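First the structure, in the form of structure tokens, and then the observations on it.
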Amino acid sequence: MDYLQLKRNALEKYFSHLNPQQRQAVFTVNGAVLILAGAGSGKTTVLVNRIANMILFGNAYNDTTEPDINDEDMAFLGSCGDTASEEDARRLSDIVAVDTVRPWSILAITFTNKAADELKNRLAVMLGDECGSEVHASTFHSACARILRREIELLGYGRAFTIYDSDDSKRLLKSCIEDLDQNIREFPVNYVSYVISQAKDKLIDEDMFAEDAQGDYRNEIIAKVYCEYQKRLKAANALDFDDIIMKTVELFEKAPDVLEHYSNLYKYILVDEYQDTNTAQYRLVSLLAAKYKNLCVVGDDDQSIYRFRGATVENILSFEDEFADCTTIRLEQNYRSRQNILTGANSVIAHNKGRKAKTLWSDRGDGDKITLCAVGDEREETELVIREIGRLRKSMDLKYSDFTVLYRMNAQSNAFERRFSAKGIPYKVVGGLRFYDRKEIRDILAYLTLLVNEYDMVRFSRIINEPKRNIGTATVDMINEISLNLGMSPIEVMRQAEGFAPLQRKAKVLTETAAMFDRLRDYAETASPVELIDEIMAVTGYKKMLDADGETGITRLENIGELKTNISQYINDTLDSEDDTPPSLEGFLENVALYAEGEQQDEDADSVKLMTIHTAKGLEFPVVFIVGMENGIFPSERSLASPADVEEERRLAYVAMTRAKEKLYISYAEERMLFGRTQYNQESVFVGENT
DNA sequence: ATGGGGCTGCTTTTT
DNA sequence: GCAGCCCCAT
């Protein structure tokens with residue numbers, strides 16, 4: 001056998017735990033690659049192995065040059081086993097490697113921190129901790145925030161910018177609408193926020209929006225609000241989530257040398273869940289990949305369920321047109337579910353038009369048929385689920401944690417929670433209120449933020465009278481107005497309260513409070529963040545306030561204790577990771593803003609899981625109940641009018657069905673109490689489509 | 001400036 | 001059904 005043959009055999013053996021399509025994806029290193037990865041097809045495994053291949057062997061598999069090889073190495077190539085040890089891998093790499101990629105030249109982008117963490121962990125296992133952690137695996141937002149921390153001064157913001165989540169940004173938006181003297185009823189914050197966010201997702205800035213709005217009364221006003229909102233964000237030295245992407249694109253377009261720098265740094269780019277990218281993210285990736293054109297995107301158009309937040313399936317659908325020499329690979333073997341479940345899911349999704357046809361298959365056997373259950377009302381639905389859980393626990397020896405109930409809307413969890421409690425069935429609602437959304441946590445974080453960025457007007461307004469200091473809304477509005485007009489920070493305005501006529505009556509309390517902030521800032525110079533929180537709690541009277549608040553006060557103090565634990569953990573983790581950035585308060589706050597993980601849930605707890613289908617994406621469970629399969633619920637009432645929306649709902653149904661490994665139940669009720677009213681629904685159109 | 005009572009409105013969610 | 005928000009009374 002010649003060298004090329006031996007080399008390929010050896011590499012195929014090294015990756016023999018993958019199927020042929022997965023291996024093709026792993027070996028295709030250069031140029032544009034589209035990996036259409038069906039549900040449960042081992043997508044993350046492919047990503048991890050592809051990165052490992054790039055680092056260890058580079059383009060060895062497809063390279064056709066024949067180097068001089070000594071007999072000993074040739075013999076090794078012919079003999080190296082399929083359970084290659086790390087030593088064997090090194091030697092194989094020494095012999096065959098061609099154009100290997102340095103780990104830090106790889107940018108792997110995901111949507112969630114969870115996905116980024118999983119990628120990092122599996123890379124560390126496969127490549128060793130050191131090499132694994134050198135790969136840049138992060139979310140769109142943290143990758144961009146990292147870049148902006150270095151470069152944002154080019155756009156006129158300060159490097160200590162704060163990141164506003166949707167609650168912060170809605171507060172700011174509300175103040176803009178009110179100050180522009182608009183009727184809040186006619187321009188509800190949620191609506192305006194949605195419109196502006198949609199615009200930002202499409203890279204439409206306030207000037208472009210104003211131009212497009214000409215002649216449309218509502219949009220003309222929204223354009224004014226948008227403009228004011230951006231002005232205030234900048235004054236507060238803050239970016240909202242959408243800005244993080246949009247400003248990075250703006251930076252790259254304005255400063256070609258900066259783009260050049262990052263293009264040279266990230267020579268290989270991988271994007272996970274590509275079907276969920278929006279226009280801004282698409283543009284960002286295009287800009288970064290334009291120079292070397294090594295772009296690999298992974299996704300499944302059938303699992304695109306985030307259209308409502310700007311995701312455009314078109315990005316994945318048109319990828320092959322965009323990159324003419326693109327290699328497309330389909331992963332259709334499913335390692336998760338029984339065939340009967342997949343057959344049902346395939347048959348439902350086949351009703352969608354304009355998709356990249358895929359047919360999932362499994363060699364795990366047929367398994368049971370999907371169980372369809374018509375019930376009278378939501379009460380009967382819960383009884384059905386409880387009965388089946390009891391039955392299967394006995395007959396199949398399953399644990400509570402093997403069961404999951406999936407629903408379309410959070411409001412549907414209520415009926416299950418009540419009945420599960422009544423019957424003593426342990427359950428856990430996954431998702432919902434997050435730790436960092438709690439009032440007390442947001443308040444303490446607002447204090448911390450102000451010590452880093454005293455221009456942050458939203459956080460200032462949040463806590464300046466919390467606990468009560470007799471500084472009411474009228475005074476706060478006045479401070480903010482002066483601050484905006486003079487370009488001073490609100491705290492600076494308070495310091496100089498004596499000098500502003502409208503504030504003179506309140507001057508005493510204002511200067512005192514400003515002095516308190518100054519002392520805290522001095523304290524922060526030398527104290528650890530945990531000590532700083534204790535000092536804030538004591539000095540501001542926040543602790544006193546909670547102490548006086550009985551039960552809720554105790555819980556809230558406990559939560560703040562939890563926050564302190566999180567900070568210590570962050571500091572330890574950052575020290576351990578030998579990252580180039582040392583731990584800091586700023587770093588922690590960014591971490592909180594971009595990594596607001598949900599409630600820590602003990603994975604071991606033996607409980608039935610309740611969650612929305614959106615939350616379940618990417619997860620798998622032995623037994624799944626999809627409940628409320630009724631027109632008006634699923635597909636949702638609001639989607640019924642638009643075929644495109646119903647298609648998205650159908651994809652959602654597909655995601656739900658493909659979560660199940662062993663058994664799948666689908667139920668629908670004739671009558672259902674929702675939002676305090678009884679409604680009568682027909683079975684969902686999707687029910688009939690699954691056979 | 002603050003607290004209480006009525007009214008609305010309400011998919012899906014991550015960053 | 002209920003939470004959050006607005007307005008009004010104190």
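Lettering follows sequence order; numbering is per chain, from 1. Please read these numbers as outputs of a predicted model, since none were measured by experiment.
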- prompt: For DNA chain B, whose closest nucleotide is more 5', that of Phe111(A) or that of Ala411(A)?
  reply: Ala411(A)
query: Separation of Asp201(A) atom CG from dT13(B) atom P, in whole Å?
result: 17 Å
task: Compare every heavy atom of Gln303(A) with every heavy atom of Asp276(A), then report the nearest pair and how far apart it is.
output: OD1-O, 4.4 Å
Thr139(A) side-chain proximity, nearest of dT15(B), dA1(B), dG1(C): dT15(B)
task: Select base, sugar-phosphate, or nothing to describe what Arg418(A) touches, counting heavy atoms under 4.0 Å on all strands.
output: sugar-phosphate
query: For residues Asn480(A) and Ser461(A), is any side-chain donor paired with an opposing acceptor at under 3.5 Å?
result: yes
- prompt: dT11(B) P sits how many Å from Leu652(A) CG, rounded?
  reply: 15 Å
message: Does Asp276(A) reach a base, just sugar-phosphate, or nothing at all? Heavy atoms under 4.0 Å.
response: nothing
- prompt: Could you state the CD1-C1' distance from Ile633(A) to dC10(B), rounded to the nearest angstrom?
  reply: 12 Å
message: Can you work out whether Met409(A) or Lys114(A) has the more 5'-proximal nearest nucleotide on DNA chain B?
response: Met409(A)
For Arg672(A), the option from Glu380(A), Glu378(A), Glu630(A) that meets salt bridge (Lys or Arg N to Asp or Glu O under 4.0 Å): Glu630(A)
- prompt: With distance as the sole criterion, is a donor-acceptor pair present between the side chains of Arg418(A) and Thr382(A) under 3.5 Å?
  reply: no
- prompt: How is Asn410(A) classified with respect to the nucleic acid when contacts are heavy atoms under 4.0 Å: base, sugar-phosphate, or nothing?
  reply: sugar-phosphate
- request: Would you classify Tyr306(A) as touching base, sugar-phosphate or nothing, given that sugar-phosphate means primed atoms plus P, OP1 and OP2, and contacts are heavy atoms under 4.0 Å?
  value: sugar-phosphate
Selection from dA1(B), dT11(B), dT15(B) that lies nearest to any side-chain heavy atom of Ser636(A): dT11(B)
message: So, does Ser142(A) get its side chain near the phosphate of dT15(B), meaning an N or O under 4.0 Å from OP1 or OP2?
response: no
- request: Give the rounded distance in Å between these two atoms: CZ of Arg505(A) and C1' of dA1(B).
  value: 11 Å
message: Rounded to whole Å, how long is the line connecting atom CG of Leu640(A) with atom C1' of dT11(B)?
response: 12 Å
query: After noting the C-alpha distance and the side-chain angles of Tyr436(A) and Asp165(A), does the key distance pass the side chain to side chain donor-acceptor pair (under 3.5 Å) rule?
result: CA-CA 11 Å; Tyr436(A) 287 100; Asp165(A) 67 14; over 6 Å; no
query: For dT12(B), does the O4'-C1'-N9-C4 (purine) or O4'-C1'-N1-C2 (pyrimidine) torsion place it in syn, i.e. within 90° of 0, or in anti?
result: anti
query: With a cut-off of under 6.0 Å to the ring centre and 45° to the axis, is Arg149(A) in cation-pi contact with Phe161(A)?
result: yes
message: I want to verify a distance call: between dT11(B), dT13(B), dT14(B), whose nearest atom is closest to the Arg408(A) side chain?
response: dT11(B)
task: Have a look at Phe241(A) and say if it touches a base, only the backbone sugar-phosphate, or nothing, with a 4.0 Å heavy-atom cut-off.
output: base
- prompt: Under 3.5 Å, is there a donor-acceptor pair between the Thr277(A) and Asn315(A) side chains?
  reply: yes
task: Sequence neighbours left out, what passes side chain to side chain donor-acceptor pair (under 3.5 Å) with Lys43(A)? Give chain and number order.
output: Asp272(A), Glu273(A)
task: Would you mind classifying the nucleic acid contact of Glu649(A) as base, sugar-phosphate or nothing, using non-hydrogen atoms under 4.0 angstrom?
output: base
message: Just N and O in the side chain of Asn113(A): are any of them under 4.0 Å from OP1 or OP2 of dT15(B)?
response: yes
message: Quick check for you: among dT13(B), dA1(B), dT15(B), whose closest atom lies nearest to any side-chain atom of Ala474(A)?
response: dA1(B)
query: Partners of Asn278(A) by side-chain contact (heavy atoms from CB on, under 4.5 Å), sequence neighbours excluded?
result: Asp201(A), Ala280(A), Gln281(A)
Dump the pairs, protein N or O against N or O of nucleotides 2-4 of chain B, anything under 3.5 Å, distances to one decimal.
from   : atom 1 : to        : atom 2 : distance (Å)
dT2(B) : OP2    : Asn465(A) : ND2    : 2.7

Distance in angstrom units between Tyr194(A) OH and dT11(B) P, rounded: 13 Å
field: Asp302(A) vs Arg355(A), salt bridge (Lys or Arg N to Asp or Glu O under 4.0 Å): CA-CA, chis, key distance, verdict
entry: CA-CA 7 Å; Asp302(A) 289 335; Arg355(A) 50 185 284 266; 2.8 Å; yes
- prompt: What integer distance in Å separates Leu619(A):CG from dT13(B):C1'?
  reply: 14 Å
query: Taking only residues two or more places apart in sequence, or in another chain, which ones meet Phe500(A) in a ring-ring contact (aromatic ring centres under 6.0 Å, His included)?
result: none
message: Tell me which pairs pass salt bridge (charged side-chain N to carboxylate O under 4.0 Å, His left out) where either residue lies in residues 649-658 of chain A, with sequence neighbours left out.
response: Arg408(A)-Glu649(A), Glu648(A)-Arg651(A), Arg650(A)-Glu689(A)
Within the sub-3.5 Å range, which N or O atoms of nucleotides 3-10 of chain C have a protein N or O partner, and how far apart are they?
none

field: Rounded distance (Å) that lies between atom C1' of dG1(C) and atom CZ of Arg672(A)
entry: 15 Å
message: Let's see if you can work this out: which of dT13(B), dT11(B), dT15(B) has an atom nearest to the side-chain heavy atoms of Phe308(A)?
response: dT13(B)
- request: Taking only the side-chain nitrogens and oxygens of Arg638(A), find out if one of them lies under 4.0 Å from OP1 or OP2 of dT11(B).
  value: yes
- prompt: Are Thr612(A) and dT11(B) close enough that a side-chain N or O sits under 4.0 Å from OP1 or OP2?
  reply: no
- prompt: Side chain of His614(A): nearest nucleotide among dG1(C), dT15(B), dT12(B)?
  reply: dT12(B)
- prompt: Is any side-chain nitrogen or oxygen of Ser166(A) closer than 4.0 Å to OP1 or OP2 of dT13(B)?
  reply: no
